[in-house]
Amino acid sequence: MDILDFIREKFSQDYAVETVLHLVMGEYDLSEEEAFGNIKEYFDIIENV
C-alpha cells in the first residue's frame, strides 16, 4: 500500500495525527521527521483538491 493511501485510510478511521504519525513510523520504518513530512504532504494534497 502506498504511504499516502495508508495515511488516508488511518485518518478515515478517525485516528489522531500523533497516532497516524507513530503508525507510519512503524509501518514504513521512518524517522519522526520523515513520517511527519509524508503526513504534511497528505494534508497539502487534500487542501488543494
Look at atom CG of D5 and say whether more than 12 heavy atoms of other residues, nucleotides or ligands are closer to it than 6.0 Å.
-> yes

Are the side chains of E9 and Y15 in touch, meaning some heavy atoms are under 4.5 Å apart?
-> no

More than 12 heavy atoms of other residues, nucleotides or ligands under 6.0 Å from CZ of F36: is that the case?
->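 For F36, atom CZ is not crowded (no more than 12 foreign heavy atoms under 6.0 Å).
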
Determine the minimum heavy-atom distance between L21 and A35, stating which atoms define it.
-> CD1-CB, 3.6 Å

Roughly how far, to the nearest 0.5 Å, is CD1 of I7 from NZ of K40?
-> 12.5 Å

Gap between atom CZ of R8 and atom CD of Q13 - 0.5 Å precision | 10.5 Å

Can you tell me how far CD of E18 sits from CD of E32, rounded to the nearest 0.5 angstrom?
->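 Here the interatomic distance stands at 8.0 Å.
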
Kindly give the heavy-atom pair with the smallest separation between M1 and Y28, and that separation in Å.
->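 That closest heavy-atom pairing would be O-OH, 2.8 Å.
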
Are E41 and L4 close enough that some pair of their side-chain heavy atoms sits under 4.5 Å apart?
-> yes

Supply the atom-to-atom distance M25 CE to N38 CG, rounded to the nearest 0.5 angstrom.
-> 12.0 Å

Should the pair F11 and Y42 be assigned to parallel (<30°), tilted (30 to 60°) or perpendicular (>60°) ring geometry?
->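 The rings of F11 and Y42 lie parallel, inter-plane angle below 30°.
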
